[in-house]
*Asks:* 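The structure follows.
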Amino acid sequence: MLQIRNFTKIYKGGKKAVDNLSLTVEAGDIYGFIGHNGAGKTTTLRAVVGILDFKEGDILIENMSIKKNPVACKKMTAYIPDNPDLYEHLTGIQYLNFIADLYEVSKRDREDRIRKYADMFEITKNLGDSIGSYSHGMKQKLAIISALVHQPKLLVLDEPFVGLDPKAAHLLKQVMAEMCKQGTAIFFSTHVLEVAEKLCNKIAIIKDGRLLANGLTSEVKGNQSLEEVFLELTDENVQAAI
Amino acid sequence: MKEVLTLTKMQLGSALEFLMISKKSRNSKKQMSVWAVMVAVFALFALISGTYSYSMGIVLDSLGQIDVLPGLFMSVTCIIILITTIYKVKGTLFGFKDYDIVMSLPVSTGKVVASRLLLLYIIDIVITTAFLIPCFIAYGILAKPAVSFYILSFIALFFIPLIPIVIASVIGTILAFLSARYKHSNLVNIILMFAFLCVFLGGSFMLQNDQQLAEIGTMFSDTMKRIYPLSAMFLKGVQDADLLSYLLFLALSVGAFLLFSAVIGAVFKQLNGTIMSRHVSANYKLKEQKSSTAYQALLKKEWKRYFSSTIYVMNTAVGLIMLLIGAVILCIVRPAQVEMILSEPQAVEMIRGILPYGIALLAGMTAITGCSISLEGKNLWILKSSPIPAKTIFAAKMSVSLIITLPVIVVTGILFGITFESGLLDMVWMIGIPALFSLFTALFGLIVNLKFPMFDWTSETVVVKQSASSMLSIFGPMLIAAVPVALIIVAGANETYVAGGTCLVVLISCILMKHYLDKNGDKILLSL
């Protein structure tokens with residue numbers, strides 16, 4: 001579903017944010033992407049969803065290059081950023097319809113999906129209010145529903161559990177597991193290692209823009225906890241002690 | 001005071017961040033060009049003011065009324081400050097985006113208010129100096145006043161904007177407060193602002209009803225002295241070196257400003273809470289939904305974005321409002337001056353020739369697209385991650401601009417046509433040239449904003465009024481509209497040829513700009 005091939009991103013000024021990163025996310029995978037702040041996670045996710053320009057390497061979605069066929073690739077993808085900055089002048093329902101229109105979701109499908117997910121995340125009664133009046137958590141829930149309203153084949157999430165209440169976080173994990181069963185590929189970054197360990201069948205660990213480890217969660221962590229593996233790989237002091 | 005200055009610097013820092021050329025800057029060339037634009041715009045304002053004040057000064061001097069000039073220009077400057085500050089109140093004084101951060105700092109509310117007012121003052125002092133220094137120089141050349149005039153008027157310059165800011169802030173606060181009660185508070189605020197502007201501008205037009213053209217300056221100045229007694233004090237102070245009047249003018253200006261700061265400081269949190277409160281009903285029930293095409297969805301979103309911001313609407317639509325009010329008054333009310341002009345066939349002929357460019361100039365001020373990319377701000381990711389080609393996104397942004405300007409152009413064109421009894425060809429020029437200019441403005445604004453975007457803003461006012469992109473997109477078409485006028489008036493070129501040539505040049509420019517956007521739009525959008 002998603003192939004990242006030798007992706008390198010150098011920002012103006014020469015900072016190499018991501019260095020020759022390659023990984024593959026298959027349909028049905030829940031792929032966790034973990035690393036310290038500034039490791040290059042958001043840069044990679046933004047390049048995958050076609051927000052960030054890059055020169056070196058390529059990113060393929062269903063074997064189509066995001067560089068050459070951005071519109072077709074984006075049509076299959078949904079993205080939820082770490083900070084849900086949505087149009088505050090629109091009401092919740094106007095925003096959902098706006099996204100559904102951009103992704104050409106039929107009337108019937110959008111009604112069913114909005115009903116299902118808005119009820120699930122308990123924000124149906126707030127959909128008539130302007131997004132500017134929403135709390136951070138409500139905006140996050142709306143961003144999630146807008147991503148689900150067009151049933152993407154690839155779901156890309158940047159720290160999706162930040163700002164969600166425990167119930168909503170639990171529901172989101174359920175939705176992710178359900179989508180994965182239906183063949184959606186999910187690629188998400190997180191700092192919560194317990195979540196990644198329990199939820200993801202595959203994991204990638206990134207540090208200073210370089211991939212340190214990736215593959216099946218069970219293989220990456222072996223007999224240790226993911227936290228131990230992560231610290232071993234990313235903490236230079238621990239590495240030196242070993 | 002130090003805290004007030006630090007807060008103001010912080011706010012100005014975000015407003016002028018792009019203009020600051022630091023050692024760290026990686027794009028100093030671009031910043032230099034933005035600085036050049038800002039300086040050029042300031043110089044242009046000063047040049048316009050200088051030209052008008054000198055030519056008006058010559059007329060007034062011949063009538064033996066040269067002493068009216070400083071008061072007249074002071075009055076005009078005060079009106080400009082008054083009108084442009086009223087709609088800056090919401091967004092600068094109240095409802096700024098970093099409210100939570102600023103209010104959590106260990107600084108008193110009074111100092112926060114003082115820093116916001118100081119910000120308004122700094123913006124307005126630029127307008128004041130650009131308009132009044134050339135006028136004082138023109139007056140100096142023509143009236144040869146005593147040295148004291150220069151010293152006193154220069155010092156007074158820094159006090160002139162204070163009371164207009166206070167009056168504008170009071171009116172802006174009342175309008176924002178009144179509109180806050182409604183669900184669509186921004187829309188109500190815009191309607192109230194429009195109503196105020198119509199009454200104000202319409203009233204100014206009507207005031208001149210039975211006066212002769214040459215007397216307008218004197219009459220205007222006399223009226224201002226009655227409405228705004230401080231202008232009389234100012235004039236007495238600087239022209240007659242009456243120190244008592246002068247000091248009274250300074251003291252009243254500072255006193256009013258400080259009093260307003262103190263009063264607002266005391267009720268600031270309460271007022272801000274009321275003005276910025278959002279209507280929440282939390283009783284939505286899911287009904288049948290409607291679907292639209294991507295273009296229609298984008299257009300609806302852009303339309304709602306436009307009318308969600310008072311400053312955006314007021315700043316871009318002011319030219320159209322002036323145009324409509326002027327056309328209605330000239331056609332329906334027909335003041336005495338118009339009747340006088342209409343009895344002069346040569347004057348009518350001249351007006352018919354240059355009127356299309358006058359309409360184009362005012363319509364060209366409606367640079368809605370000039371900040372529409374910047375206003376996406378932190379929401380830009382939504383458009384960039386959507387499966388929509390850039391040309392559809394741009395088409396929706398331009399459509400809003402055209403939907404707003406074209407009907408006004410057609411209506412005013414017809415009204416002016418009736419007033420000046422224009423023939424069919426004149427009507428074609430009267431509507432066609434401004435219509436082409438509005439297309440030019442929409443395309444030009446979009447390209448300028450793509451080249452000079454600004455996303456990390458905390459106040460819409462900064463983007464809409466003070467960004468290089470919005471200034472360039474307004475002044476670019478205005479300058480271009482001046483070229484055919486100069487060809488007709490100065491070079492005496494044939495009006496029909498100039499009109500046809502203008503249409504052709506503007507149309508070709510539009511085609512080239514559209515081609516550029518279609519070809520490079522996706523790449524440019526991705527690079528933002």
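Each chain gets a letter, A, B and so on, in the order its sequence line appears, and its residues count up from 1.
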*Asks:* Mind listing the closest non-hydrogen atom pair of B/Ala297 and A/Leu102 along with its distance?
*Replies:*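 Smallest heavy-atom distance, with atoms named: CB-CD2, 4.4 Å.
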*Asks:* So A/Lys125 and B/Lys285, do their side chains get closer than 4.5 Å, heavy atoms only?
*Replies:*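 Side chain of B/Lys285 against side chain of A/Lys125, heavy atoms only: no contact under 4.5 Å found.
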*Asks:* Of A/Asp101, A/Ile93, A/Val105, which meets side chain to side chain contact (heavy atoms under 4.5 Å, CB included) against B/Gln289?
*Replies:*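 Among A/Asp101, A/Ile93, A/Val105, the one meeting side chain to side chain contact (heavy atoms under 4.5 Å, CB included) with B/Gln289 is A/Ile93.
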*Asks:* What is the minimum heavy-atom distance between B/Lys290 and A/Arg110, and which atoms define it?
*Replies:*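 Shortest heavy-atom separation between B/Lys290 and A/Arg110 comes out as O-NH1, 3.1 Å.
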*Asks:* Where does A/Glu104 contact chain B at under 4.5 Å (heavy atoms): side chain, backbone, both or neither?
*Replies:*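 Contact with chain B involves no heavy atom of A/Glu104 at all.
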*Asks:* Tell me, for A/Ile114 versus chain B, whether the close heavy atoms (under 4.5 Å) come from the side chain, the backbone, both or neither.
*Replies:*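 Contact with chain B involves both backbone and side-chain atoms of A/Ile114.
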*Asks:* Look up atom OG in B/Ser385 and atom CD1 in A/Ile99, then write down how far apart they are to the nearest 0.5 Å.
*Replies:*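 Going from OG on B/Ser385 over to CD1 on A/Ile99, the span is 7.0 Å.
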*Asks:* One thing to verify: whether A/Lys107 and B/Glu288 come together as a salt bridge, which I'm taking to mean a side-chain N less than 4.0 angstrom from a carboxylate O.
*Replies:*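 Yes.
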*Asks:* Could you go through residues 377-384 of chain B and list every donor-acceptor pair under 3.5 Å that involves a side-chain atom there, pairing it with any protein atom two or more places apart or in another chain?
*Replies:*
| residue | atom | partner | partner atom | Å |
| --- | --- | --- | --- | --- |
| B/Asn379 | ND2 | A/Asp85 | O | 2.9 |
| B/Asn379 | ND2 | A/Leu86 | O | 3.1 |
| B/Trp381 | NE1 | A/Asp85 | O | 2.9 |
| B/Lys384 | NZ | A/Ile51 | O | 3.0 |
| B/Lys384 | NZ | B/Leu526 | O | 3.3 |
| B/Lys384 | NZ | B/Leu528 | O | 2.4 |

*Asks:* Taking the side chain as every heavy atom from C-beta outward, state whether B/Lys301 and A/Tyr87 have any atom pair closer than 4.5 Å.
*Replies:*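 Yes, their side chains come closer than 4.5 Å.
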*Asks:* Among B/Leu286, B/Leu525, B/Thr392, B/Ile388, which residue has the highest count of heavy-atom pairs closer than 4.5 Å to chain A?
*Replies:*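 Among the listed options, the one with the most contacts to chain A is B/Leu286.
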*Asks:* So which part of B/Gln296 gets closer than 4.5 Å to some heavy atom of chain A, the side chain, the backbone, both or neither?
*Replies:*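 B/Gln296 has no heavy atom closer than 4.5 Å to chain A.
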*Asks:* What residues of residues 130-151 of chain A sit under 4.5 Å from chain B when only non-hydrogen atoms are counted?
*Replies:*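 Against chain B, the residues of residues 130-151 of chain A that fall inside the cut-off (heavy atoms, under 4.5 Å) are A/Ser130, A/Gly132, A/Ser133.
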*Asks:* For B/Thr293, is it the side chain, the backbone, both or neither that has a heavy atom under 4.5 Å from a heavy atom of chain A?
*Replies:*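 For B/Thr293, backbone heavy atoms alone lie under 4.5 Å from chain A.
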*Asks:* Could you tell me which of A/Thr124, A/Asn126, A/Asp119, A/Leu96 has the largest number of non-hydrogen atom pairs under 4.5 Å with chain B?
*Replies:*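 Most heavy-atom pairs within the cutoff with chain B belong to A/Thr124.
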